[in-house]
Chemist: 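One structure coming up, written as structure tokens, with questions to follow.
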Amino acid sequence: MKPLNLIKMAVVAATAIFTLPACDSLNDERIPYAPVRLTFTTEGMWNIYGVAGATSSKRYIKSEHIPANFPYTALDETGFGGLLVVSDIMGDTQVYDLSCPVEVRPSVRVYIPADEIHARCPQCGSTYEVFSNYGVPLSGPAAQHGYALQHYHVVYGGATEYLVITR
């Protein structure tokens, strides 16, 4: 593992320990309901289009064909503002809606700046912990109000599916 990745993982772990708001004060249901279903039918498809390795991420927005070559089907839906799929510090897949829960608009999407370890809203400036602790707010209006990112489910296995992301 690269030294930079080890440093990122250590910073993420330390941030998670010292900045966690109380669980009962978080609201992760501010994003309006929108269907979510993204299917990776084979392990090979996941290896091409998924995320691998701690602190890696990818955005999925069906209406804008992001990623460009992803084979979206008629059944695929990418939530209110799109999906942020990450590999957390343990290498497990976590999925969040890209829409900022402060702004609550599908066009205002969080992103992970280059060389940073937190997702950031370009509009309100709130930051979120996405590589551990399930999208908790770290700073900005989201932290002040306890607005966490909308978190989605990841299901592995099945007769014809390798990995499915659902609401």
Side-chain angles (χ1 to χ4, degrees), residues 1-23 25-28 30-31 36 38 40 43-70 72 78-154 163 165:
M1 185 174 287
K2 295 179 182 176
L4 181 58
N5 285 341
L6 290 173
I7 292 169
K8 281 176 147 180
M9 288 173 44
V11 171
V12 166
T15 300
I17 292 169
F18 296 112
T19 62
L20 277 179
C23 292
S25 66
L26 290 178
N27 179 349
D28 67 349
R30 289 185 43 84
I31 300 301
V36 174
L38 190 61
F40 295 85
E43 185 175 1
M45 184 180 179
W46 175 254
N47 290 339
I48 294 169
Y49 297 107
V51 293
T55 69
S56 61
S57 66
K58 207 171 259 185
R59 295 160 54 109
Y60 296 83
I61 307 169
K62 182 179 180 181
S63 63
E64 298 177 19
H65 305 289
I66 297 173
N69 296 323
F70 187 81
Y72 288 106
T78 55
F80 186 66
L83 301 176
L84 174 62
V85 179
V86 304
S87 181
D88 68 16
I89 60 173
M90 300 302 290
D92 295 327
T93 303
Q94 303 296 329
V95 183
Y96 308 95
D97 202 285
L98 281 168
S99 291
C100 174
V102 173
E103 300 299 324
V104 193
R105 294 187 313 227
S107 61
V108 179
R109 298 176 176 129
V110 298
Y111 69 101
I112 302 172
D115 299 324
E116 289 192 24
I117 57 170
H118 302 109
R120 177 179 307 281
C121 173
Q123 189 74 37
C124 72
S126 293
T127 59
Y128 303 89
E129 176 54 70
V130 294
F131 295 115
S132 63
N133 299 316
Y134 307 106
V136 299
L138 298 173
S139 68
Q144 293 167 357
H145 299 293
Y147 297 160
L149 292 175
Q150 175 71 50
H151 189 256
Y152 296 124
H153 301 282
V154 177
L163 181 139
I165 297 166

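The first residue of the sequence shown is numbered 1, and numbering continues consecutively from there.
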Chemist: Would you say the ring centroid of Phe70 lies under 6.0 angstrom from that of Phe40?
Modeler: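 Yes, the ring of Phe70 comes within the 6.0 Å limit of the ring of Phe40, centre to centre.
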Chemist: Please enumerate all residues that pass side-chain contact (heavy atoms from CB on, under 4.5 Å) together with Thr127, with sequence neighbours excluded.
Modeler: His118, Arg120, Leu138, Ser139
Chemist: Could you pull out the closest heavy-atom pair between Tyr134 and His151, with the gap in Å?
Modeler: CD2-NE2, 3.4 Å
Chemist: Checking Thr78 side chain against Leu83 main chain: does a donor-acceptor pair fall under 3.5 Å?
Modeler: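 The answer is no, because no donor-acceptor pair under 3.5 Å joins these two groups.
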Chemist: Does Tyr72 reach the main-chain N or O of Leu38 with its side chain, forming a donor-acceptor pair under 3.5 Å?
Modeler: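 Not a single qualifying donor-acceptor pair exists.
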Chemist: How would you list, by chain and number, every residue that makes a side chain to side chain donor-acceptor pair (under 3.5 Å) with Ser99, sequence neighbours excluded?
Modeler: Asp97
Chemist: Before accepting this row, confirm whether a basic side-chain N of the pair Glu64/Arg59 lies closer than 4.0 Å to the acidic partner's carboxylate O.
Modeler: no
Chemist: Taking all heavy atoms of Pro141 and all of Cys124, pick out the closest pair and write down the distance.
Modeler: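 Shortest heavy-atom contact: CD-O, 3.7 Å.
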Chemist: Taking Cys121's backbone N and O only, do any of them form a donor-acceptor pair with Ser126's side chain (distance below 3.5 Å, no angle check)?
Modeler: no
Chemist: In Å, rounded to the nearest 0.5 Å, how long is the span from CG of Leu149 to CG of Leu84?
Modeler: 7.5 Å
Chemist: Between the side chain of Arg30 and the main-chain N/O of Pro101, is any donor-acceptor distance below 3.5 Å?
Modeler: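 Answer holds: yes.
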Chemist: Hey, what do you get for CG (Leu163) to CD (Glu43), rounding to the nearest 0.5 Å?
Modeler: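 Separation between the atoms: 10.5 Å.
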Chemist: By side-chain contact (heavy atoms from CB on, under 4.5 Å), which residues pair with Asp92, not counting sequence neighbours?
Modeler: Asp88, Met90, Gln94
Chemist: Where is the tightest heavy-atom contact between Ser57 and Val51, given as atom of each residue plus distance?
Modeler: C-CG1, 3.7 Å
Chemist: Which heavy atom of Thr93 sits nearest to which heavy atom of Val154, and what is that distance?
Modeler: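 The answer is O-CG2, 3.8 Å.
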Chemist: Minimum heavy-atom separation for Ala142 to Tyr128, with atom names?
Modeler: CB-OH, 3.2 Å
Chemist: Flag the pair Ser56 / Phe131 as yes when at least one side-chain heavy-atom distance between them is below 4.5 Å, and no otherwise.
Modeler: no
Chemist: Could you measure the distance from the OH atom of Tyr96 to the CD1 atom of Ile31? Nearest 0.5 Å is fine.
Modeler: 14.0 Å
Chemist: Return the minimal non-hydrogen interatomic distance between Tyr60 and Leu98, and the atom names on each side.
Modeler: O-CD1, 4.5 Å
